[in-house]
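I have placed the structure first, in the form of structure tokens, so that the comments after it can refer back to it.
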Amino acid sequence: MITLLVPAAGIGKRMGKEVPKQFLFLKDKPLFVHTLSIFEKHPLVNSIVIATREEYIPFVEKELLKAGIKKVVSVVKGGETRQDSVYQALKHAPSSTEIFLVHDAVRPFVSFSLIERVIQGVKKHGSAIPALPVRDTMVRAKEGKIYKKLERENAFLVQTPQGFRAEILRECLEKAQKDGLLFTDEGTLLLHYQKEVHIVEGEPMNLKITYPQDFLLAEHLIECKIVEFQKEKCLWK
Ligand code: C5P
């Protein structure tokens with residue numbers, strides 16, 4: 001069984017809106033519903049657990065019902081950090097889960113083929129995360145001035161969905177929670193505990209909606225036929 005864990009308990013500070021970004025309406029549906037609809041249709045994903053802010057649980061449940069999303073087995077209270085939220089979701093996942101996928105609620109443009117690549121990667125290697133090589137020059141900057149050049153060679157930008165054999169993710173998350181260590185994704189969490197993490201090719205379109213400009217772009221992309229096509233493209237049909 002493949003279970004998707006969806007952290008959706010952020011407050012969206014960088015978006016600067018009162019309503020967290022995952023609940024903002026994009027066309028006719030909240031952002032998180034666009035994201036979940038893709039996994040709902042994906043034939044290899046069996047169940048979904050969402051971690052969200054307690055006060056939004058009734059809203060999430062109502063919108064899932066409206067959208068006809070049936071794979072969600074639990075909507076649980078998330079935590080103070082993304083990692084806490086993933087951990088809470090994992091604790092409520094079906095015990096027969098063999099593979100976990102973790103996907104940010106705020107990446108609504110993930111494609112069927114990327115989900116497949118990640119799953120195949122997990123089956124082959126035990127772990128798979130999507131990543132794209134960095135194209136631009138990288139620097140560190142503070143107060144509007146750059147102060148350090150960063151090495152671009154072998155640098156990648158990491159996305160979700162990230163996939164893992166269930167026992168590996170469970171073991172590492174439990175350790176990190178116990179050790180009081182925080183990671184911004186599961187790939188670097190596993191790396192810390194000396195597990196091998198394989199990469200598969202990510203997608204430039206798999207945007208993480210973070211800033212107001214991203215949301216404006218998403219409003220245009222959601223209308224775009226090519227995005228619809230990419231989302232629905234299924235390699236097994
Ligand atoms: O904050 P960031 O952009 O890294 O959030 C990525 C994902 O993690 C979002 O879907 C957000 O809702 C989620 N998150 C969460 N719990 C938190 C913080 C973020 O589920 N405490």
Side-chain angles (χ1 to χ4, degrees), residues 3-26 29-40 45 48-61 63-64 67 69 72-93 100-110 114-115 118 129-132 156-164 169 172-173 176-177 180-192 202-203 205-218 221-222:
T3 300
L4 170 72
L5 308 176
V6 181
I11 53 170
K13 210 161 69 185
R14 290 169 290 184
M15 186 64 82
K17 293 247 164 60
E18 214 171 288
V19 176
K21 57 194 173 186
Q22 61 275 27
F23 303 127
L24 292 175
F25 272 69
L26 196 55
K29 289 180 286 212
L31 179 52
F32 82 95
V33 174
H34 286 280
T35 308
L36 288 181
S37 300
I38 301 164
F39 291 90
E40 174 72 16
V45 176
I48 303 175
V49 183
I50 307 173
T52 193
R53 300 168 63 75
E54 197 168 19
E55 64 273 28
Y56 279 96
I57 292 178
F59 171 76
V60 167
E61 289 177 336
E63 291 297 327
L64 291 174
I69 294 178
V72 175
V73 292
S74 296
V75 181
V76 302
K77 184 179 166 210
E80 284 305 304
T81 63
R82 181 186 177 283
Q83 180 179 305
D84 274 340
S85 299
V86 172
Y87 185 54
Q88 294 311 318
L90 179 136
K91 285 202 295 194
H92 291 83
F100 281 120
L101 297 179
V102 183
H103 187 67
D104 295 324
V106 292
R107 289 186 191 266
F109 301 118
V110 56
L114 177 54
I115 298 169
V118 171
I129 67 170
L132 283 175
F156 286 80
L157 296 173
V158 170
Q159 307 179 333
T160 70
Q162 302 193 355
F164 310 95
L169 182 64
C172 292
L173 259 179
Q177 295 291 110
L181 295 176
L182 268 188
F183 299 89
T184 51
D185 80 323
E186 292 61 49
T188 52
L189 159 77
L190 260 72
L191 176 70
H192 178 81
E203 289 173 350
M205 197 71 96
N206 182 21
L207 304 173
K208 182 173 174 209
I209 310 298
T210 307
Y211 296 102
Q213 298 93 312
D214 303 329
F215 201 79
L216 289 176
L217 179 60
L221 286 175
I222 213 85

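This chain uses plain numbering: 1 for the first residue, then up along the sequence. Numbering of ligands and ligand atoms starts at 1, following listing order.
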Quiz item: Contact between Arg107 and ligand 1, counting heavy atoms under 4.0 Å?
Solution: no
Exercise. Output yes when the distance from some N or O of ligand 1 to some N or O of Ala51 is under 3.5 Å, and no in every other case.
Key: no
Quiz prompt | Rounded distance [0.5 Å steps], CG in Leu31 versus CG in Leu26 | solution = 6.0 Å
Practice problem: Mark yes when over 12 heavy atoms from residues, nucleotides or ligands other than Glu55 sit less than 6.0 Å from its CD; otherwise mark no. | Solution: yes
Practice problem: Using a strict 4.0 Å cut-off to heavy atoms of Gly10, name the atoms of ligand 1 that fall inside it. | Solution: 11 (C), 12 (O), 13 (C), 14 (N), 15 (C), 16 (N), 17 (C), 18 (C), 19 (C), 20 (O)
Practice problem: Indicate yes or no: does Asp214 engage Lys21 in a salt bridge with an N to O separation below 4.0 Å. | Solution: no
Quiz item: Is the closest side-chain donor-acceptor distance between Gln83 and Gln177 under 3.5 Å?
Solution: yes
Practice problem: Identify, for atom 20 (O) of ligand 1, the protein heavy atom at the shortest distance, and state residue, atom and that distance. | Solution: Ala9 N, 2.7 Å
Exercise. Please report which non-hydrogen protein atom sits nearest to atom 7 (C) of ligand 1, along with the residue it belongs to and the distance in Å to one decimal place.
Key: Asp104 OD1, 3.5 Å
Exercise. Mark up the atoms of ligand 1 that fall under 4.0 Å of a heavy atom belonging to Ala105, in ascending order.
Key: 10 (O)
Quiz prompt | ligand 1 contacted by Thr81 (non-hydrogen, < 4.0 Å) | solution = yes
Exercise. Look at ligand 1 and say whether Ala8 reaches it with a heavy atom at a distance under 4.0 Å.
Key: yes
